[in-house]
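To keep things clear, I will list the structure first and then write my remarks on it.
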Amino acid sequence: MAKVGYIFNSEQYNTFTFDRAWMEKYGYCRIIEDSASQEKTRPEWKQLMDCLERGDELVISKFSNALRGVRELAMFLEFCRVKVIRVISIQEKIDSKSELFPSTSIADVLFMFGSLSEEVVALRECL
């Protein structure tokens with residue numbers, strides 16, 4: 001079981017340092033970053049998706065940081081369900097195992113779904 005972190009490093013994303021430190025403290029053996037100049041191809045994200053195996057853990061800064069919209073979110077969640085990947089979102093305080101952030105409610109998760117498109121646009125507007 002691998003523990004992997006992913007961050008899309010954009011100038012508009014202001015918690016990069018905090019998120020990276022959180023991942024390191026939590027014990028992630030590998031932290032993968034895509035830079036803003038790679039936004040269209042996201043080679044590191046694609047390689048990460050190819051390498052994840054059953055039972056791995058993936059921590060992301062936010063869903064809008066890792067994904068580009070609700071269609072991609074749906075495919076990602078199905079991928080994680082099939083491969084039994086634990087997903088942790090630091091900023092949204094979501095843990096698919098409900099262990100790290102027990103106070104996160106269904107309303108919080110639904111809010112993340114609803115605000116995803118707006119946040120994706122804000123994060124990538126200058127790219």
Side-chain angles (χ1 to χ4, degrees):
M1 177 180 83
K3 289 183 173 185
V4 182
Y6 175 81
I7 303 174
F8 170 66
N9 192 1
S10 166
E11 288 181 25
Q12 287 76 18
Y13 196 69
N14 56 10
T15 61
F16 173 81
T17 304
F18 173 84
D19 293 343
R20 184 163 180 79
W22 192 97
M23 290 176 193
E24 289 169 355
K25 182 180 178 187
Y26 188 72
Y28 277 79
C29 57
R30 202 167 144 215
I31 300 172
I32 296 167
E33 299 173 24
D34 271 323
S35 66
S37 64
Q38 299 170 311
E39 203 282 330
K40 291 203 187 303
T41 59
R42 296 191 312 159
E44 300 298 327
W45 174 257
K46 289 177 182 175
Q47 183 179 5
L48 170 61
M49 291 295 102
D50 288 341
C51 293
L52 284 174
E53 295 187 12
R54 185 174 184 82
D56 286 350
E57 291 185 16
L58 173 64
V59 69
I60 56 178
S61 300
K62 286 184 88 163
F63 281 91
S64 62
N65 182 273
L67 304 167
R68 294 186 279 195
V70 291
R71 280 189 273 176
E72 197 170 288
L73 173 64
M75 292 175 13
F76 173 74
L77 292 175
E78 175 64 4
F79 172 84
C80 291
R81 183 191 68 79
V82 169
K83 288 206 167 197
V84 193
I85 306 287
R86 179 182 183 184
V87 180
I88 299 166
S89 170
I90 300 168
Q91 296 299 318
E92 289 143 338
K93 296 185 176 4
I94 295 173
D95 175 4
S96 63
K97 279 195 167 181
S98 298
E99 293 174 3
L100 291 177
F101 311 109
S103 64
T104 299
S105 68
I106 297 294
D108 297 325
V109 175
L110 292 175
F111 182 82
M112 181 278 298
F113 284 133
S115 62
L116 181 67
S117 295
E118 181 181 345
E119 289 184 11
V120 166
V121 169
L123 182 64
R124 291 167 168 84
E125 70 183 343
C126 295
L127 302 178

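All values below come from the heavy atoms of this structure, side chains included, with hydrogens, waters and symmetry mates left out.
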- Item | Residues that Ala74 engages under side-chain contact (heavy atoms from CB on, under 4.5 Å), provided they are two or more places apart | none
- Message: Hydrophobic cluster membership, with links at side-chain heavy-atom distances under 4.5 Å among I/L/V/M/F/W/Y: are Met23 and Phe18 in one?
- Response: yes
- Item | Gap between atom CD1 of Ile60 and atom OG of Ser89 - 0.5 Å precision | 5.0 Å
- Under the 3.5 angstrom rule, does the side chain of Arg42 hit a backbone N or O of Ala66 as a donor-acceptor pair? yes
- Query: For Ser117 and Val70, which heavy atoms make the closest approach, and how far apart are they?
  - Reply: OG-CG1, 4.2 Å
- Message: Looking only at the side chains, is there a donor atom on one of Asp34 and Tyr6 sitting less than 3.5 Å from an acceptor on the other?
- Response: yes
- Item | From CD1 (Ile31) to CZ (Arg20), nearest 0.5 Å | 4.5 Å
- Glu92 side-chain N/O to Met112 backbone N/O, donor-acceptor pair under 3.5 Å: no
- Query: Which atom names give the shortest non-hydrogen contact between Ile85 and Ser96, and what distance separates them?
  - Reply: O-OG, 4.0 Å
- Could you give the distance from CZ (Phe63) to OG (Ser115), rounded to the nearest 0.5 Å? 11.0 Å
- Any sub-3.5 Å donor-acceptor pair from Lys46's side-chain atoms to Thr41's backbone N or O? yes
- Residue set satisfying side-chain contact (heavy atoms from CB on, under 4.5 Å) with Leu110, at least two apart, ordered chain then number -> Ile106, Phe113
- Task: Would you please test Val59 and Tyr26 for side chain to side chain contact (heavy atoms under 4.5 Å, CB included) and show each step?
- Result: CA-CA 10 Å; Val59 69; Tyr26 188 72; 5.9 Å; no
- In Å and rounded to the nearest 0.5 Å, what is the CD to CD distance from Glu44 to Gln38? 6.0 Å
- Can Arg86 and Leu100 be said to form a side chain to side chain contact (heavy atoms under 4.5 Å, CB included), step by step? CA-CA 11 Å; Arg86 179 182 183 184; Leu100 291 177; 3.7 Å; yes
- Message: Rounded at 0.5 Å granularity, tell me how far CG in Leu48 sits from CD in Glu33.
- Response: 12.5 Å
- Can you establish whether the number of heavy atoms outside Glu78 located under 6.0 Å from its atom CD is more than 12? yes
- Which of parallel (below 30°), tilted (30 to 60°) and perpendicular (above 60°) describes Phe76 and Trp45? tilted
- Message: I'd like to know whether Val4 forms a side chain to side chain contact (heavy atoms under 4.5 Å, CB included) with Ile32, so could you lay out the CA-CA distance, the side-chain angles of the two residues, the decisive distance to 0.1 Å, and finally the verdict.
- Response: CA-CA 7 Å; Val4 182; Ile32 296 167; 3.7 Å; yes
- Message: Counting neighbours of NZ on Lys93 that are heavy atoms of other residues, nucleotides or ligands and sit closer than 6.0 Å, is the number greater than 12?
- Response: no
- Message: Using a 6.0 Å cut-off, check whether atom CZ of Phe79 has over 12 heavy atoms from anything other than its own residue.
- Response: yes
- Counting heavy atoms not belonging to Glu53, are there more than 12 under 6.0 Å from its CD? no
- Item | Reference residue Phe101; test side chain to side chain contact (heavy atoms under 4.5 Å, CB included); the match among Asp95, Ile94, Ile90 | Asp95
- Query: Within the side chain of Ser61, is there an N or O that forms a donor-acceptor pair under 3.5 Å with the backbone of Ile7?
  - Reply: no
- Item | Side chain proximity check, Asp19 to Gln91, heavy atoms < 4.5 angstrom | yes
- Nearest-0.5 Å distance, CD of residue Glu72 to CG of residue Leu116: 9.0 Å
- Message: Just so I know, are the side chains of Leu67 and Val120 near enough to count as touching, which here means a heavy-atom distance under 4.5 Å?
- Response: no
- Decide yes or no for Met1 and Glu57: does some side-chain heavy atom of the first lie under 4.5 Å from some side-chain heavy atom of the second? yes
